[in-house]
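One-based numbering, in listed order, for ligands and for the atoms of each. When a residue number appears, it is its place in the shown sequence, counting from 1.
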Amino acid sequence: MQRFSLKDSYKLYEITPQTDAEIQFLQQFHNEDFDFWRESHFVGEATDIMVAPENQYNFENELTNYGLNYKIIVEDVEGILQQQEIENGMKRSLLGHGSVTFRSYMLLNEQYAYLQHLGQAYPDIVTVSSIGRSHEGRDILLIKISSSGSNTYLSKPAILIDAGIHCREWIAPPVALYTIHQLVENSSNAALYQNVDWYIIPNLNPDGYEYTTTVNRLWRKNRRHTVGAPCVGTDLNRNFGYCWMCGGASSNSCSETYAGPEPFSEPESQAVRNWLLSVGLLLDIKLYLSFHSFGEYILYPWSYQQTLTDNADVLHQLGVRAAEAIEANSDIGSHYEVNSSAIGLYIASGVTSDWMKGSHGVNLSYIFELPNGDAPFWFMIPARQILPVVRETFAGIRAMFEYIEETFVYGTALPPENDFIIRRTLD
Ligand SMILES: [Zn+2]
């Protein structure tokens with residue numbers, strides 16, 4: 001492998017403007033010589049700019065002359081990207097069609113080939129369908145795993161899982177795929193789909209995912225260009241229609257948290273909504289899990305405001321139960337915080353978990369922020385840590401499944417012990 005000396009490396013700079021004038025000043029660097037990885041839209045929000053070796057001297061001088069402080073947050077961008085490329089690519093070439101691996105990141109068509117393979121190999125329990133198409137025309141695949149096969153009329157308590165809505169969060173789809181793999185291909189888990197049906201969308205933003213594997217590893221949004229807007233892409237996890245644009249979302253299309261021109265303006269969020277509306281009366285979704293990274297959080301509604309739901313005690317205790325199962329099975333020292341989204345992380349509106357709870361009455365609704373492991377930079381958890389993450393996370397999912405079965409199948413679950421933990425977080 002070729003080594004780059006630090007002198008010759010692309011570097012990533014972080015600058016946090018303290019005035020509007022400084023934000024404007026940074027915008028002059030918007031040209032082909034500079035690559036904005038993240039951009040300030042208000043005072044105090046950081047901008048990250050990747051700068052080529054030949055431009056670094058002048059760039060640093062210009063910032064200093066203007067009185068702007070900067071930090072070099074990645075000294076060797078190519079080194080990181082190349083290391084990941086090597087680690088992923090070498091093993092990928094061994095992957096046969098329809099196979100799955102948790103030792104490298106899979107391409108979208110590999111993920112889809114695996115789902116189709118399961119549909120063909122296990123027709124009695126697996127049903128693969130498309131809930132709609134992405135903006136660029138890719139299917140959004142849903143896999144159902146049930147002892148009743150594809151028969152929706154015999155619906156039992158259901159668990160709905162999605163991953164990949166933020167496409168740069170690469171560790172999320174493997175968690176969904178590992179759950180599928182364990183349910184379908186590990187016969188010792190057959191009991192998990194006898195009384196409960198599983199619906200899993202392993203990659204909710206296929207255009208974006210494809211884009212992260214070909215053009216920009218740090219892309220987060222979908223790939224649709226809102227008519228008349230300056231920038232491409234809507235944050236799908238701000239586009240759902242429960243209290244849309246109530247805070248923590250942007251009306252600026254250039255923002256990473258652009259909510260879209262209206263609720264459900266995007267084909268990907270429409271696909272989820274339309275599917276749920278079409279099967280909603282037939283399905284009895286008891287648990288919704290959406291996988292993101294990173295930060296090691298298990299978060300429940302509300303996300304749009306810092307007040308708690310009527311069932312926050314139950315949400316919290318079940319979250320803690322999952323966190324304990326994950327930590328007990330962790331080889332990488334994961335430690336989860338459990339809280340409401342808005343209190344534990346930040347306010348965000350138009351997110352899937354609020355919509356599931358608020359609009360569809362799915363009372364047990366969660367967002368997981370998975371670990372970042374030894375990632376050298378955001379979202380770049382190395383391929384060798386996929387397996388420990390998916391294994392430990394499946395232990396958490398299983399703990400939640402057990403609660404669903406105890407509560408809605410056997411009726412043996414105990415009510416929450418007390419509510420002191422919840423109240424404390426509101427102090
Ligand atoms: Zn996310």
Tell me whether the NZ or CZ atom of R217 lies within the 45° cone about the ring axis of W170 and under 6.0 Å from its centre.
yes

What verdict does the side chain to side chain contact (heavy atoms under 4.5 Å, CB included) test give for E60 and L63, after you've listed the backbone C-alpha separation in whole Å, the side-chain angles of each residue and the deciding distance to 0.1 Å?
CA-CA 5 Å; E60 291 179 12; L63 294 181; 5.8 Å; no

Side chains of Y336 and E327, donor plus acceptor under 3.5 Å
no

With sequence neighbours left out, the residues meeting ring-ring contact (aromatic ring centres under 6.0 Å, His included) with Y199 are W275

Return the number of protein N, O or S atoms with a distance to the Zn ion (ligand 1) smaller than 2.8 Å.
4

For Y366, enumerate each residue passing the ring-ring contact (aromatic ring centres under 6.0 Å, His included) test, keeping only those at least two apart in sequence or located in another chain.
none

ring-ring contact (aromatic ring centres under 6.0 Å, His included) filter on F59, not counting sequence neighbours, yields Y13, F29, F34

